[in-house]
Every structure is written in C-alpha cells, then in structure tokens.
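Below is one structure, written out as structure tokens; comments come after it.
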Amino acid sequence: MTAQAVETGELATVIGLEVHVQLETDTKIFCGCSTDVGDDEPNTHTCPVCLGLPGALPVVNEGAVEAAVKVGKAIDATIPEETAFHRKNYYYPDLPKNFQITQYDAPVCQDGELEFSVEGERRSVEIRRAHLEEDPGSLQHKGGSIDTADYTLVDYNRAGTPLMEIVTKPDFRSPDEVRSFLAKLTEVLEYLRIFDATRDGSLRVDANLSIVDLSDVDADEIDASVLDETDPNRTEVKNISSHRGAEKALAYEETRQRNAIQRGRAVEQETRHWDEAKGVTLSMRSKEEEKDYRYFREADLPPLRVSDWKEEIAIPELPDVRRERFREEYGLNEEAADKLTSTKEVADFFEDVAEQFDPDLAATWVADELLGELNYRDMAITDVSDRFDGIERLVELVATDEITTKNARETVLRGMLDDGDAPDDIVEREDLGKTSGDEVQDAVVEAIDENPDAVEDYHNGEGGAINFLVGQVMQETGGSADPGDVNQLLRDELDG
Ligand code: ADP
Ligand code: ZN
Ligand code: MG
C-alpha cells in the first residue's frame, strides 16, 4: 500500500459470495428422511445415512438434482454432460461422517450470471459455479455464543437437507450491491418453486471481502486475474443468514479493513464470525485452504449423467421477462409491473384477474389495494391463496358497479382479510349495495333545498361548498353513493 493511496483514500472494496440455499425437496439429498422437520424434537428425522453410520450408503435424490438443474437454467449456466460427487474431509461434530458429500471438479452448474438492479441501475454478477451438497446438522450453543457457551448440543434433523452452494466471482463493489443481489437471487429461486425464504436458515452466506489499492490498478479493471496478481488479503465472514445481515456484516468489515490499512496495519487473511446481536465480525481461525480438505471422489455414488435429462426439466417464466411482458401486454407502468411480479403467486393471480376483467382494474386491485392491505397486516400473498376466489368476486362487484370503490376497499376487502368473510355476505350485512339512481337524485335535491347558504357560496365560486354538499348527500345515502357521481349530479342540478 503506497502512502499516496492512503492519503487520497483511493481504495476499492471487492466482495465475492458463497451463498448456501436449502432446496425444497420432500426428502433429504441422500436418504429418505423427511426434510419437513419444523419444530420437531431434535434427532427425530434421522437414519443411518444422514447420521453417517459406518456402512450406510447414500442414494441421490432425483428432486434435488432437478432443482439444481433449474437453478442452472435460471442463471444461464453451463450444465455439463456429467456431474459427480466428492468427499470434503474435515472434523466437526455437525457432520459425524467426518466428511461432507459435495461437488468439486464437476459441479452441476458452471459459469452463470445473474442480473439485478441497485437504485435503478442494472448490474450483473458472474456466478463461477453452483454445486450440490448436503447440509450438516445444526449446533445449539447453550449459555452463550459460539465462543462463550457452556456446552453445545447437536441436532441431526437438518443433516442431509439438500443445499446448493452458489459461488460468485469477486464482482461486487459495495455491501448494498450484495443486498440487492441476494434479494434478486431469492426472487428467482422462489419463482422456480425450489426455495422457501421464510424457512429458518434456508439462506446462509459466506462473504469474502478485500480492499484493493487503486494506485496499482484501475477500478474498472479489477477482475479475478488482477486479484490473483495483486492478491490482497481477504477475510471470509461466516454465519450470515439474511440479506440485511450480509449488508451489515460487510459494511462492518469494509470499515474495519479500511481503518486498518489507513493506520498502516496489515489485514489478516482469516475467517471471521458475524455476531448479529453485537453487530460485529470476530476473528475465528486462520483460513483453511482447499488442500486441507483432501477432496476425493465419493466412491459410493456413481457419476450422474444429466445431459439428456436436463432438456426435459422446464423452468417457468422468470421475473425480469415477466415484468417486461406485463408492461407490454397490459400497459402497466414500471412501478405496477415491479409490484405485480414481486412473487410468482402475485403475478399468477394478477393475470387471472386481468383475464376476467379490465387489466387496469386488475392492476389497481392486486397491486395497490390487495398488496397494500396485506403489507399493512404483515401478511404474504400466500396467506390468502385460499381467498383468491373471494377477491375476484370483489373485483367483479366493483367492475359491475354494484358497490362503490370506497366501500369495496374500506369495508369489504378489510372484512375479508380480517375476518375471512365472503364479499357478498359483507355487502348484504353492511347494506352496501349501491343506492339506486333515484335515491341519490332525491338526496341531491334535498341537500340543495336544505342548505341555501352552501348553494349561495357555490354560486359565488367558493370551492369548498360543493364538497360540503357532496358530504351531505353521502351521509344521507349512508356512503353507498359514488362521490364522483354525486359531485356531477349536484353540479348538474346547481348549474342547470
Ligand atoms: P477459496 O478457494 O479460498 O475458497 P475461491 O477462489 O473459491 O477461494 O473464492 C471464494 C470466494 O471468494 C468467491 O466468492 C470469490 O469471488 C471470493 N474472492 C476471491 N478473491 C477475492 C478477493 N480478493 N476479495 C473478495 N472476494 C474474493
Ligand atoms: Zn436420513
Ligand atoms: Mg471456495
């Protein structure tokens, strides 16, 4: 590090990720144990294979390979003719075999790419590889954190859950890029229906960060080969389990390393632990190297030919493509298209409604009304999947002018979400059926007769007078008239 760089602060942050995602399959990756462990008692979803007992033989779960191929297609990766498994040897109590079955020189996906946007700007990150492996068991540290606990318990329910490790190139330049990337990755995985973001620990990130001196190299020339040459010391931060956590841990690490460099101290090459509660990264151990793991072929599993099979594995339309199509096909603005493609469930439901009614009306009711009310209640679209028919009926009531938009929004939709009532029941119970034209007309005439002062104000050009009269009519008709219609009727009457 030259003195000049330190003075001018010309340093670049370089980040690369190893993201572990649990794949949603019914059973574990190498045995028939259920992955649906929920809050079940520890060590109740186990068998000789996932406990790593001597002599137990693994069998590959077809569903896990299929999910991995879907990921490969979604990130535009090369999926080789043949993929194979290796043993990664290390001792740790969460893995009683003393090795993890993973992939090494023949991963199922290579050289992919994922586009995302940060503050409106498109960015793209290259994915070096994505491979399948087994999740280890989980450790519960009792009486403290990893370094202070009195003792530690181990639960093998998680052991053998299919994992995909997605390794990016060191293409990120800031912690907030990482956060946006993870959000996009999650969105894509959910579209593929192979990932459940709400599941605890379903996404875990190891984040590598180094600081590069820009007096040696141009900022936009930094790539893997430049990094190989300059070889800045980097840290790998483990134990990150959320998008926000990744951003915070990396921001901490970025500041820590920059401070060290600016004070003329070296950054140690090491593995660090993210302490979410304290908001700091802590040194754990010097970083192990590839050769420490003594990788060798897993002889109990034959190589897997995916070349023909992969053609049959289809993936759905992905969010970016769908967003563009929504804009063109339904004439949606950017904001609406974004909202309506935020999850596959929302997008599917919107298309369903748009086909039956007007797309604009469907967009308003799904993107603004429904998502707004769900957001307010901290609910997800999946929480109301069983009420889609009712919501469609509600849109129909609005489309056919049977109830006012105001009542539909404030009384019917809210009642449906809060109490699970059917729209027609609410309309009947609350007497929301739109008041017939005659009744409204009578109320208009009455309001004019009874409020000569307001009428005079109106004729004197006072803007507020008409609103007062509309309010009178709305009150008279119990809120079931359409305020826009009432306004017009009043004007017709007053100006006529
Ligand atoms: P290792 O063999 O030490 O695990 P890899 O080459 O497999 O290293 O890279 C692991 C992760 O570290 C990748 O996500 C990669 O992008 C990232 N990485 C590599 N070099 C750097 C660097 N100088 N700064 C930040 N991240 C890096
Ligand atoms: Zn098992
Ligand atoms: Mg690595």
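These numbers were taken from a predicted model, which means no experiment stands behind them. We count ligands from 1, going down the list as the structure has it; atoms in each ligand are counted the same way. These numbers come from the heavy atoms of this one structure, side chains and all, not from hydrogens, waters or symmetry mates.
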Proximal atoms of ligand 1 relative to [X] (non-hydrogen, under 4.0 Å):
{"X": "Ser210", "answer": "22 (C), 23 (N), 24 (N), 25 (C)"}
{"X": "Lys169", "answer": "16 (O)"}
{"X": "Val14", "answer": "24 (N), 25 (C)"}
{"X": "Arg128", "answer": "5 (P), 6 (O), 7 (O), 9 (O)"}

Is [X] salt-bridged to [Y], cutoff N-O under 4.0 Å?
{"X": "Arg323", "Y": "Glu187", "value": "yes"}
{"X": "Arg173", "Y": "Glu177", "value": "no"}
{"X": "Arg272", "Y": "Glu236", "value": "no"}
{"X": "Glu328", "Y": "Arg325", "value": "no"}
{"X": "Lys28", "Y": "Glu134", "value": "no"}
{"X": "Asp105", "Y": "Arg129", "value": "no"}

- prompt: Is the Phe116 ring parallel, tilted or perpendicular to the Phe181 ring (thresholds 30°, 60°)?
  reply: perpendicular

Notebook entry, point to check: Taking the six-membered ring for Trp, are Phe388 and Phe349 parallel (under 30°), tilted (30 to 60°) or perpendicular (over 60°)?
Noted result: parallel

### Message
Please report whether ligand 1 has a polar contact with Leu17, defined as an N or O pair separated by less than 3.5 Å (distance criterion only).
### Response
yes

*Please say whether Pro170 places an N or O atom under 3.5 Å from an N or O atom belonging to ligand 1.*
yes

Residue-ligand contact Glu236/ligand 1, heavy atom below 4.0 Å:
no

Atom 1 (P) of ligand 1: of Gln269, Glu126, Arg129, Arg234, the nearest heavy atom sits on Arg234

Out of Thr13, Thr168, Asn233, Asn208, the nearest non-hydrogen contact to atom 15 (C) of ligand 1 is supplied by Thr168

Note: Val167, heavy atoms under 4.0 Å from ligand 1, region reported as side chain

Honestly, for Leu227 the part within reach of ligand 1 (heavy atoms, under 4.0 Å) is side chain

> Does Cys50 bring an N, O or S atom to under 2.8 Å of the Zn ion (ligand 2)?
Replying inline: yes

